[in-house]
Engineer: 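Just passing along the structure, written as structure tokens.
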Amino acid sequence: MEIAHWYDWRSPTGSDTSGQRVYFGHETCQQLLPTPGAARELARRLRDSGKSVTLVVPYLTEAGLRDSVRLIEGLLTQDASLEVVSSDWGLLHEIGRRGLGSPVVGRLLSGQLTDPRLARIMDVNRRRQPRPVRHLDGTVCQLQYIPPSLAMANRIRSCGLDRPEIIGFLKALGIRRCELSNISQGMELASIPGWSYSLHIPDVLITVMRRCPGSGEDFASAEHRCTDKVTPSCHGEPRAWEMPGINATVFRRDNALYYRQPNLPTNLQQLPIDRLVHRIGRQRDHDSINR
Amino acid sequence: MNGLAMKIVAPVCSVADAESVITAGADELYVGAMFDEWTCTFGDSDLLTRRQGRSAHIRTSRELASVVNIASQAGRPIALAINARYDAVQIRAVLDLVTLWEETGGAAVIVADIGLLLALAQRNSHMNRHLSLLAGAFNSLSVTFFAELGVSRVILPRDLTLGEVADLTAGSGNMEFEMVAMYQKCHFIDGMCGFHHATRLPSGVSAEFDYVAGPGTALPVVWAQDPEYEGHGCELPWRSLAGPVRWPRRDDLSSPNCAACQLPAMARSGIRYVKLAGRAYSSDMIVRAIRFLRSAMEAWQTGDDSSAQEDVRRLYSSTFGSACSCRDCYYNQ
């Protein structure tokens with residue numbers, strides 16, 4: 001099993017890591033990618049210390065696409081073995097077509113279902129009281145639990161790429177890996193030769209906001225659009241969100257929501273996962289989520 | 001403003017819906033279909049299409065054929081939304097549904113799954129493939145990628161600004177583009193969201209569920225995979241840093257999200273189709289939105305820009321009962 005570390009390039013604490021590979025870049029916001037100069041300097045340091053390098057790029061607008069291609073081309077001048085994780089089909093296609101490093105499908109394109117509530121759907125031993133519900137039209141009924149079918153359970157534990165015909169197509173584009181979150185409902189994945197997954201620990205990426213929330217966390221009453229500059233809320237530190245009915249501590253980091261699942265899947269040995277990606281780089285990430 | 005040649009694409013969930021939206025002026029229709037065979041295995045959440053619940057879908061093949069027939073007789077193309085991502089078991093059921101749809105005379109499918117696009121190409125399907133906004137085509141290279149997979153129309157993510165849309169379409173050749181113009185502006189990015197969408201409770205539609213006599217209770221029982229479900233992630237309140245509890249903005253009939261003021265800019269960017277989101281919204285909401293958008297297009301075509309803008313805002317107020325605000329604006333810059 002390869003051990004990789006996700007390094008937040010904005011962190012002042014340095015990039016020392018015991019992992020064999022280091023991920024850097026940004027997964028959910030093109031405004032938060034490093035400049036080509038900063039990326040080259042970081043990649044040089046990592047390579048000098050014997051690490052393999054993975055650049056992570058989010059979904060991209062037209063302008064973000066141009067910037068990202070320049071960023072990748074700059075890194076390739078000093079490291080032909082560069083791996084690029086992308087959550088943008090257009091960029092993945094371009095990387096494969098032009099041979100711009102090794103393309104990897106990012107978590108946002110994996111088609112994983114990452115709602116923390118899915119774990120309780122799978123939990124047949126959970127104690128539940130029948131729940132009376134009054135509909136808006138006055139009708140009253142009682143909700144009772146029924147376990148998901150095996151087929152439904154398998155889909156909830158799987159991802160949207162886990163089919164031979166899709167993986168065959170992606171392999172023809174030069175793609176041989178996909179990134180996944182360590183979802184709390186468990187995982188079921190088919191083993192297909194020449195295809196593998198990376199598992200990110202412990203942060204499960206739930207969703208991405210269309211706008212940055214601003215320092216007041218109020219993304220509903222105002223539209224914060226950071227097309228020109230990074231806002232004060234883009235500091236990379238986790239901020240806890242309490243959400244009723246969500247059976248996990250949800251937190252925001254930059255423009256995305258996550259929850260934590262530190263326990264590895266019990267069936268890890270049976271899964272086609274050959275890399276673990278641990279998040280490092282900010283002390284608060286390790287200590288606690290800032291409330 | 002001349003040349004606002006845009007078509008309105010409206011959702012339908014029943015035969016009655018199809019008749020009313022065509023009468024109201026919809027140019028194209030889209031529909032979902034969720035039959036008992038699917039719900040018995042996979043439930044009625046968003047595993048088939050992003051829209052959860054049976055009331056958002058046609059429930060029998062017979063009614064599906066009737067809806068297609070009504071659309072065909074009125075000369076309105078109709079697309080089937082099958083825009084989730086599927087596993088190896090689900091895709092077989094989805095392909096059966098696609099076969100039925102094609103045999104019934106459906107004109108197009110709305111798709112996000114790469115494997116489904118590959119399967120349609122393999123079977124030489126003549127149906128048009130519309131790329132769902134759930135696929136997340138944010139740039140021209142993504143459009144090219146999906147064009148090579150047989151997509152003829154891209155429904156653009158509602159998270160792009162109009163400037164970003166103009167950049168994208170300028171580099172995208174002959175592709176058709178569609179954008180959402182009314183309702184359901186979620187705070188999260190559709191194609192990048194892993195929240196589960198189950199049937200909302202309490203529901204305004206009691207017929208959403210199948211009731212059975214329950215053991216040990218006088219109340220009718222509904223079996224649900226998650227009886228504790230409180231709502232979609234985008235509808236739940238949240239609280240941070242000991243701050244106030246915050247509620248997401250709701251999309252309702254009195255102040256719906258709207259892009260009517262941005263229609264000319266969308267048209268200049270090559271957008272030829274504007275979509276009403278809101279499958280399972282009441283027929284009244286959909287009909288009002290169609291009439292409003294049609295009137296707004298006429299205002300932009302006949303008036304100068306400043307008078308047309310005023311006319312559109314007055315139309316919004318008279319149609320939905322309250323003045324519009326920046327928060328309602330779909331592609332607010």
Side-chain angles (χ1 to χ4, degrees), chain A residues 59-63 65 88-91 93-94 108 111-115 117-118 120-121 128 131-137 139-146 148-149 151-152 154-155 158 160 162-163 165-166 169 206-210 217-220 223 227 239-245 291, chain B residues 41-43 47 85 87-91 113-115 118 136 138-142 144-145 159-161 164 167-168 171 187-189 192-196 201-204 206 209 211 214 217 219-228 230 233 236-241 243 246-249 332:
Chain A
Y59 56 93
L60 301 161
T61 65
E62 210 68 22
L65 185 65
D88 189 291
W89 287 120
L91 182 63
H93 189 212
E94 186 74 353
L108 290 171
Q112 262 190 315
L113 306 173
T114 55
D115 192 320
R117 294 173 293 185
L118 290 168
R120 73 185 179 211
I121 291 180
R128 300 172 172 90
R131 178 183 170 196
V133 167
R134 179 184 294 276
H135 293 299
L136 299 182
D137 65 0
T139 312
V140 180
C141 68
Q142 190 178 80
L143 291 179
Q144 293 194 19
Y145 174 68
I146 183 171
S149 66
M152 182 176 177
N154 283 341
R155 171 61 190 102
S158 181
D162 187 28
R163 292 181 359 231
E165 69 274 22
I166 297 179
F169 170 75
I206 305 172
T207 191
V208 183
M209 299 171 192
R210 47 181 279 136
E217 305 294 318
D218 188 3
F219 74 116
E223 293 264 305
T227 49
R239 300 278 180 184
W241 280 25
E242 293 173 20
M243 300 179 82
R291 293 176 186 275
Chain B
T41 305
F42 296 108
L47 296 179
R85 307 267 298 275
D87 71 9
V89 173
Q90 290 177 310
I91 192 67
D113 187 288
I114 287 174
L118 292 169
F138 287 86
N139 56 58
S140 58
L141 287 183
S142 294
T144 301
F145 171 73
D159 320 288
L160 292 167
T161 66
E164 290 164 347
D167 281 350
L168 184 159
H187 301 296
F188 302 129
I189 298 179
M192 308 291 162
C193 183
F195 271 127
H196 183 58
L201 299 167
S203 169
S206 55
F209 303 97
Y211 297 93
T217 172
L219 293 176
V221 164
V222 171
W223 298 102
Q225 272 96 17
D226 189 8
E228 299 159 81
E230 296 284 353
L236 298 174
W238 75 97
R239 183 171 176 274
S240 170
L241 295 169
R246 300 184 187 282
W247 287 85
R249 188 188 175 288
N332 191 6

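Below, read A as the first sequence line, B as the second, and so on, with proteins coming before strands; counting in each chain starts at 1.
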Engineer: Check Gly90(A) against Ser142(B) and note the closest heavy-atom contact, atom names and distance.
Structural biologist: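 Heavy atoms only, the tightest pair is N-OG, 3.0 Å.
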Engineer: Less than 4.5 Å to any heavy atom of chain B: does that hold for the side chain of Arg155(A), its backbone, both, or neither?
Structural biologist: both
Engineer: Can you tell me how the ring of Tyr59(A) sits relative to the ring of Phe138(B), calling it parallel under 30°, perpendicular over 60° and tilted otherwise?
Structural biologist: tilted
Engineer: Test Asp226(B) against every option in Arg117(A), Arg120(A), Arg128(A) by the side-chain hydrogen bond (donor to acceptor under 3.5 Å, both in side chains) rule and name the one that passes.
Structural biologist: Arg120(A)
Engineer: Begin from the C-alpha positions of Asp162(A) and Asp87(B) and carry the test side-chain contact (heavy atoms from CB on, under 4.5 Å) through to its verdict.
Structural biologist: CA-CA 6 Å; Asp162(A) 187 28; Asp87(B) 71 9; over 6 Å; no
Engineer: For His196(B), what residues pass the ring pair (Phe, Tyr, Trp, His ring centres under 6.0 Å) criterion, not counting sequence neighbours?
Structural biologist: none
Engineer: Which of the residues Gly115(B), Gly136(B), Ala224(B) is involved in the greatest number of heavy-atom pairs with chain A at under 4.5 angstrom?
Structural biologist: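 Heavy-atom pairs under 4.5 Å are most numerous for Ala224(B).
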Engineer: Relative to chain A, which segment of Leu118(B) carries a heavy atom at a distance below 4.5 Å: side chain, backbone, both, or neither?
Structural biologist: side chain
Engineer: On a heavy-atom basis, which atom in Leu143(A) and which in Pro227(B) lie closest, and how many Å separate them?
Structural biologist: CD1-O, 3.8 Å
Engineer: Please check this pair: side chain of Arg239(B) against backbone of Glu242(A), looking for a donor-acceptor N/O pair closer than 3.5 Å.
Structural biologist: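 Not at all, since once roles are kept as given, no pair shorter than 3.5 Å links the two residues.
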Engineer: Find the one option among Ala63(A), Gly245(A), Ser149(A), Pro132(A) whose heavy-atom pairs under 4.5 Å with chain B are most numerous.
Structural biologist: Ser149(A)
Engineer: Can you tell me which portion of Leu47(B) sits under 4.5 Å from chain A's heavy atoms? Options are side chain, backbone, both or neither.
Structural biologist: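 For Leu47(B), the side chain is the part near chain A, not the backbone.
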Engineer: Could you look at Leu60(A) and say if it's the side chain, the backbone, both or neither that has a heavy atom under 4.5 Å from chain B?
Structural biologist: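 Both backbone and side chain of Leu60(A) come within 4.5 Å of chain B.
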Engineer: To the nearest 0.5 Å, what is the distance between CH2 on Trp223(B) and CD on Gln142(A)?
Structural biologist: 9.0 Å
Engineer: By a 4.5 Å heavy-atom criterion (distance strictly below it), what part of Asp113(B) contacts chain A: side chain, backbone, both, or neither?
Structural biologist: side chain
Engineer: Find out whether Ile189(B) and Thr207(A) are in side-chain contact, i.e. whether some heavy atom of one side chain is under 4.5 Å from a heavy atom of the other.
Structural biologist: no
Engineer: Going from CE on Met192(B) to CG on Leu108(A), what distance comes out if it is rounded to the nearest 0.5 angstrom?
Structural biologist: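 Answer rounded to 0.5 Å: 5.5 Å.
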Engineer: Measure Ile121(A) against the heavy atoms of chain B and call it side chain, backbone, both or neither at under 4.5 Å.
Structural biologist: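 Both parts, heavy atoms under 4.5 Å.
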Engineer: Work out which heavy atom in Pro237(B) is nearest to a heavy atom in Pro244(A); give both atom names and the distance.
Structural biologist: O-CD, 3.3 Å
Engineer: Students often mix this up, so state it plainly: with edges at 30° and 60°, are the rings of Phe169(A) and Phe145(B) parallel, tilted or perpendicular?
Structural biologist: tilted
Engineer: May I have the step-by-step check of side-chain contact (heavy atoms from CB on, under 4.5 Å) for Leu65(A) and Leu141(B), ending in yes or no?
Structural biologist: CA-CA 9 Å; Leu65(A) 185 65; Leu141(B) 287 183; 3.5 Å; yes
Engineer: Side chain from CB out, backbone as N, CA, C, O: work out which of these in Glu228(B) comes under 4.5 Å of a heavy atom of chain A, or both, or neither.
Structural biologist: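 Glu228(B) touches chain A through backbone and side-chain heavy atoms alike.
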Engineer: What residues, two or more places apart in sequence or in another chain, satisfy salt bridge (Lys or Arg N to Asp or Glu O under 4.0 Å) together with Asp88(A)?
Structural biologist: none
Engineer: Supply the atom-to-atom distance Glu94(A) CD to Thr144(B) OG1, rounded to the nearest 0.5 angstrom.
Structural biologist: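 If we round to the nearest 0.5 Å, Glu94(A):CD and Thr144(B):OG1 are 8.5 Å apart.
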Engineer: Looking at every heavy atom in both Ala151(A) and Val89(B), which two are closest together, and how far apart are they?
Structural biologist: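 So the minimum-distance heavy-atom pair works out to CB-CG1, 4.3 Å.
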Engineer: Relative to chain B, which of Asn154(A), Leu113(A), Thr114(A), Val208(A) shows the most heavy atom pairs under 4.5 Å?
Structural biologist: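 Highest number of heavy-atom pairs under 4.5 Å: Val208(A).
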Engineer: Ignoring hydrogens and angles, tell me if any N or O in the side chain of Glu62(A) forms a donor-acceptor pair with the backbone of Ser140(B) under 3.5 Å.
Structural biologist: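 Yes, Glu62(A) side chain to Ser140(B) backbone: donor-acceptor pair under 3.5 Å.
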Engineer: Closest approach of Val222(B) and Cys141(A), non-hydrogen atoms and distance?
Structural biologist: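 Closest heavy-atom pair between Val222(B) and Cys141(A): CG2-SG, 3.9 Å.
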